[in-house]
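We name chains A, B, ... by the order of the sequence lines, and we start the count at 1 in each one. Computed from a predicted model, the values in this text were never measured in an experiment.
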Amino acid sequence: MNLKETELCLGLPGGAETVECPSKSGVGNKRGFSETVDLKLNLQSNKQGPVDLKVNGAPKEKTFLKDPSKPPAKAQVVGWPPVRNYRKNVMANQKSGEAEEAMSSGGGTVAFVKVSMDGAPYLRKVDLKMYNSYKDLSDALAKMFSSFTMGSYGAQGMIDFMNESKVMDLLNSSEYVPSYEDKDGDWMLVSDVPWPMFVESCKRLRIMKGSEAIGLGTFSFLFVSLSGSFFFPIMFLLLFHPIGFQLQERWRSSRTDHEQQKKNKDNMH
Amino acid sequence: MTEEDSSAKMSEDVEQYLKLNPPCSSSSSSSAVAFANKSGTFKSSSPPCPEHVLENVLENVLQFLTSRCDRNAVSLVCKSWYRVEAQTRFEVFIGNCYSLSPARLTHRFKGLRSIVLKGKPRFADFNLMPPNWGAQFAPWVAATAKAYPWLEKVHLKRMFVTDDDLALLAESFPGFKELTLVCCEGFGTSGIAVIANKCRQLKVLDLVESEVTDDEVDWISCFPEGKSHLESLSFDCVESPINFNALEGLVVRSPFLKKLRTNRFVSLEELHRLMVRAPQLTSLGTGSFSPDNAPQGEQLPDYAAAFLACKSIVCLSGFREFRPEYLLAISPVCANLTSLNFSYANISPHMLMPIIRNCHNIRVFWALDSIRDEGLQAVAATCKELRELRIFPFDPREDSEGPVSGVGLQAISEGCRKLESILYFCQRMTNEAVTAMSENCPQLTVFRLCIMGRHRPDHVTGKPMDDGFGAIVKNCKKLTRLAVSGLLTDEAFSYIGEYGKLIRTLSVAFAGNSDKALRYVLEGCPKLQKLEIRDSPFGDAGLRSGMHRYCNMRFVWLSSCVLSLGGCRDVAQALPNVVVEVFGSDGDDDDDTVTGDYVETLYLYRSLDGPRKDAPKFVTIL
């Protein structure tokens, strides 16, 4: 599993990278722990033994164990040089700004969308171009918001579906599903349209409670889980279930209410 | 005993007490004695009891004491002095939010008007700490909201602040005047909007290097109509567009506004309009410093004239997306500038020269290494009053090209003899240059050198950087803060321990050979308060050598060293007043206990109220 691809960045498009990362164009490791996650895998296997780093090998490139007169490998290390992420983001943004101006077409390299999760205190941003599949995105989202789902759902994190009966439970449950706003402003459940098409049309992501997701337009659900890699096309359930259509109507009207309330709230400030 | 006699005796007692005071408050003690001698002549309607007279005297005297060091000393004299000091303390500084509980604060101090709170340790800025570690402002705002309704000032650094916290703050303190958030996160423009709207006495709203979520709220429009009290407004870190007309309107109705730091969404034309409206500004953050769009053939705004009109500007920053052709517009203010921050601008030596040669009065200069050694030489030639220099890397990677080196450092040391503080990122350095600085700049209190390549020796001699840093600690007798880098052996640390008697903050990365290095520092530096170490071969024996110090330190951070759980536990058990936290770097451990014996990160700090209750699962408190 190439965890580096799922690394999330809060920074702005493009540009120079402080981490060696072959496919990446994103920047700003505000909470990027891909290196450490990657290294954690090393560390896990080493943790059992007694402390003897010479034997266990080196998490995070413990170059002090090597001959100090030889320069260490050129792989970048977490948090080194010690430049604050804020500054790194600003510089990267500038560099990408220049790069974007050089490029005549806009929007070729990045597709940043905001991600909000019901109940989470703040928004995050992801660059959809960094992922190659729904699975990558779902892993990333799960990791990003795992700290919020942990409390209620335990290690299971987001939804982990093993059987169909749970699907119906989903509609009534407080589990989370990802939805997105498409180019037309409609909210859809993240579904099984081809990935590139999804990246093109997705403007915003919202991870909402399953009960609110009833009736979102879709052909199928996407379920994410912390540990697994499940992808369940359940088109028949929503599309052909008679209740599905009624719920769609109800949902659409409730959505406009919600938007209106939100607008009102904003206007009050 | 008559009243006169008892007062006289009391004067003697006071004098005796005062003799126990440390020298730093000697000036206040002499005035206190004088006061006490006169106290016998005061008449009051009923005979005051001795304690009350003494306390009155003290109250009157202590209000002149502002230094927290002095106040802490005063409070240790006796219970009565402790009480009076607590009553008269209006500003409190809490260097580690976990060193005490909010309840303890509100119990001791009843009249606070200003709070400074610091949360996460500095290495958290470099991704060495998983998110959601803590440092929440919420319990503090909740406690102070009840205890200090007259609170005026809150200054937070590295704290987690939510919009709800900001809303509670705005509601609870009707006289609230100053909010400063440095390196904070967890809130967005909606929280700022509430502050803007509800804090009618607001003088200062400074957001510095904080992460502010874009909630798509037009917070600038939320400032109420009518004259505002604003003196300082800094939002250069807010990464979202702002309503410029509202900003302009706000500036127009803020006659006291002295400091304005705009974000990069303010263009040069807009900046011009603001400057025209606020010629009284002393500190200006210039936003993007580039025009919106190509000139349309009309008369361009006369930027130089705008700067000329703002005669009071002494501090300039911003230049987030600057266009070189406009840089010279700042020339009219250069001669008056005391502070210039180019550290987000990719400025070449060629661009810098015409500007810096007029900046004779500059005391603080921040720039990118894009100015190269030549640029530093130009600074050295002109800026004789320079006190603080920071050179940041344009390309912050280990193996990037290094446009600055020992040449620039040495030039600065020769030209800027009054230098007090330096932060210098470079790729290569020599002991000679560092030693030259130690000899030329004896006023240095802060020396932070970051040689970006790990374990890099002197690039000319090939030797470790021990001698250079040794010279710094030996010659710079006022040094209080030191950050080391490059190839360093235990010897460098023996110098630090031997000569660094005033050092309070020490940052170490990828340095040293053995525990001896850590021992030298912990045994040798009596003033050490903050010790942050990463990726160095220090283990349990080194950690143990500091047991006698940890209660007197603010914190110790050791990450990616060679510590074992057993060693950390020993410290935790031996020092009940010290909280010992142990955690990994990724925070993804599903277990809530540390598995195995290896300790990724140790963070220990003294605390009056024991281990915190809000630690996340990935933190183990030993």
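Residue B/Arg122: no heavy atom, backbone or side chain, is found under 4.5 Å from chain A. Looking at B/Cys237, both its backbone and its side chain come within 4.5 Å of chain A, counting heavy atoms on both sides. Residue contact with chain A, scored on non-hydrogen atoms closer than 4.5 Å, involves the backbone and the side chain of B/Ser343 alike. When heavy atoms are compared at a cutoff of 4.5 Å, A/Val90 approaches chain B solely by way of its side chain, counted from C-beta outward. Only the side chain of B/Phe425 comes within contact range of chain A, with at least one heavy atom under 4.5 Å from a heavy atom of that chain. Residue B/Leu368 touches chain A through its side chain alone, counting heavy-atom pairs closer than 4.5 Å.
Taking CH2 of A/Trp80 as the reference point, atom CZ of B/Arg534 lies at 7.0 Å (rounded to 0.5 Å). Taking CG from A/Asn93 and CZ from B/Arg320, the interatomic distance works out to 10.0 Å, rounded to the nearest 0.5 Å.
A/Tyr86 places none of its side-chain heavy atoms less than 4.5 Å from the side chain of B/Asp125. Contact annotation: the side chain of B/Pro396 never approaches that of A/Met91 to less than 4.5 Å [non-hydrogen atoms, C-beta and beyond].
A cation-pi arrangement, defined by a distance under 6.0 Å to the six-membered ring centre and an angle within 45 degrees of its axis, is absent between A/Arg84 and B/Phe126.
Within the 3.5 Å criterion, the main-chain N or O of B/Pro393 finds no donor-acceptor partner in the side chain of A/Arg87. Using modelled atom types, no side-chain atom of B/Glu398 and backbone atom of A/Pro81 make a donor-acceptor pair closer than 3.5 Å.
For NZ of A/Lys203, the number of neighbouring non-hydrogen atoms (other residues, nucleotides, ligands) closer than 6.0 Å is greater than 12.
Of the N and O atoms on the side chains of B/Asn127 and A/Asn85, at least one donor lies less than 3.5 Å from an acceptor on the other residue.
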